[in-house]
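In what follows, a single structure is set out as structure tokens and then discussed.
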Amino acid sequence: MKILILHGPNLNLLGTREPGIYGSLTLADINAKLVELAVEYHAELTCKQSNHEGDLVDALHDARSWAGGVVFNPGAYTHTSIALRDAISAIGIPVVEVHLSNVYAREEFRHVSMISAVCKGKVVGFGWRSYSLGLRALIEMLSDKK
Ligand code: DQA
């Protein structure tokens, strides 16, 4: 089973970016934890990050040809991007939306997600564990299907 872990804008700065909100792990630390978890499930991860909306659209399109599903933190594009929403709808593989912070306990503009309605599910507020919970759920769901 192959899964894409996709990180959006500014997440490359994790570790130093507002650690009170996003924690002190770097993106490489989080990816390493996810790879460790995936090994337990015999799943194979590809991890990508981009600060550019179009690159994220391209990564979603590309995943259609090789991935069973995607764990996606679109960063601030969550709140603005109809292009990402349309890409998720178009690819027809399950996408799990994740956020490190509890977006509902923050500014009102973060309460809106353009993508939630087209995602399989969503995990917010557990720091890096939002990713591991989302990944676990996705893998278990994909395994059930077989
Ligand atoms: C975030 C929440 C977004 O509102 C913010 O723009 C981010 C990170 C999170 O993981 O908590 O960049 O997606």
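Reckoned from all heavy atoms, side chains included, excluding hydrogens, waters and symmetry mates.
- When atom types are taken as modelled, the side chain of H111 and the backbone of R106 share a donor-acceptor pair closer than 3.5 angstrom.
- With a 4.5 Å cut-off on side-chain heavy atoms, L14 and L25 do not count as touching.
- For the pair V123 and Y131, the minimum side-chain heavy-atom distance is 4.5 Å or more.
- At least one donor-acceptor pair under 3.5 Å links the side chain of Q49 to the backbone N or O of G8.
- A donor and an acceptor atom, one from each side chain of S89 and D86, are nowhere located under 3.5 Å apart.
- When hydrophobic clusters are built by joining Ile, Leu, Val, Met, Phe, Trp and Tyr residues whose side-chain heavy atoms come closer than 4.5 Å, directly or via intermediates, L11 is not grouped with F72.
- Judged by distance alone, the side chain of S50 and the main-chain N or O of L56 form no donor-acceptor pair under 3.5 Å.
- To the nearest 0.5 Å, atoms CG (D55) and CG (D58) are separated by 6.0 Å.
- Under a hydrophobic clustering in which Ile, Leu, Val, Met, Phe, Trp and Tyr are joined whenever their side-chain heavy atoms come within less than 4.5 Å, directly or via other members, I21 and W128 fall into the same cluster.
- Note on L133 and L45: same hydrophobic cluster, where clusters join Ile, Leu, Val, Met, Phe, Trp and Tyr whose side-chain heavy atoms are under 4.5 Å apart, directly or indirectly.
- The side-chain heavy atoms of V57 and H61, taken from C-beta on, include a pair separated by under 4.5 Å.
- Residue F126 places its CZ atom among 12 or fewer non-hydrogen atoms of other residues, nucleotides or ligands, all under 6.0 Å distant.
- Taking 4.5 Å as the limit, every side-chain heavy atom of C47 sits out of range of all side-chain heavy atoms of L34.
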Q: Would you sort out whether S101 and E18 count as a side chain to side chain contact (heavy atoms under 4.5 Å, CB included), showing the intermediate values?
A: CA-CA 11 Å; S101 64; E18 300 182 87; over 6 Å; no

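- Here the closest non-hydrogen pair linking G68 and P94 is O-CD, 3.3 Å.
- Across N31, N12, N73, N51, a single residue satisfies side-chain hydrogen bond (donor to acceptor under 3.5 Å, both in side chains) together with H7, and that is N31.
- Taken to the nearest 0.5 Å, the OG atom of S116 stands 6.0 Å off from the NE2 atom of H99.
- Under the 4.5 Å side-chain heavy-atom criterion for ILVMFWY residues, a single connected hydrophobic cluster contains both I30 and L37.
- A search for side-chain contact (heavy atoms from CB on, under 4.5 Å) contacts involving E107 returns F109, R110, not counting sequence neighbours.
- Across all their heavy atoms, P74 and P9 have their closest contact at O-CD, 3.4 Å.
- Annotation: the span from L138 atom CG to Y41 atom OH amounts to 11.0 Å, rounded to 0.5 Å.
- Listed for the D62 side chain is no donor-acceptor partner under 3.5 Å among the backbone atoms of A59.
- With rounding to the nearest 0.5 angstrom, the CG atom of L84 is 11.0 Å from the CE atom of M114.
- The shortest distance between side-chain heavy atoms of V95 and C119 falls below 4.5 Å.
- Residue W66 is grouped with residue I93 when hydrophobic side chains (ILVMFWY) are merged at heavy-atom distances under 4.5 angstrom, including chains of intermediate members.
- Checked by atom type and distance alone, the side chain of T78 pairs as donor or acceptor with a backbone atom of G75 at under 3.5 Å.
- The NZ atom of K33 sits 8.5 Å away from the OG atom of S132 when rounded to the nearest 0.5 Å.
- Note that CG of L27 is 11.5 Å distant from CG of N10, once rounded to the nearest 0.5 Å.
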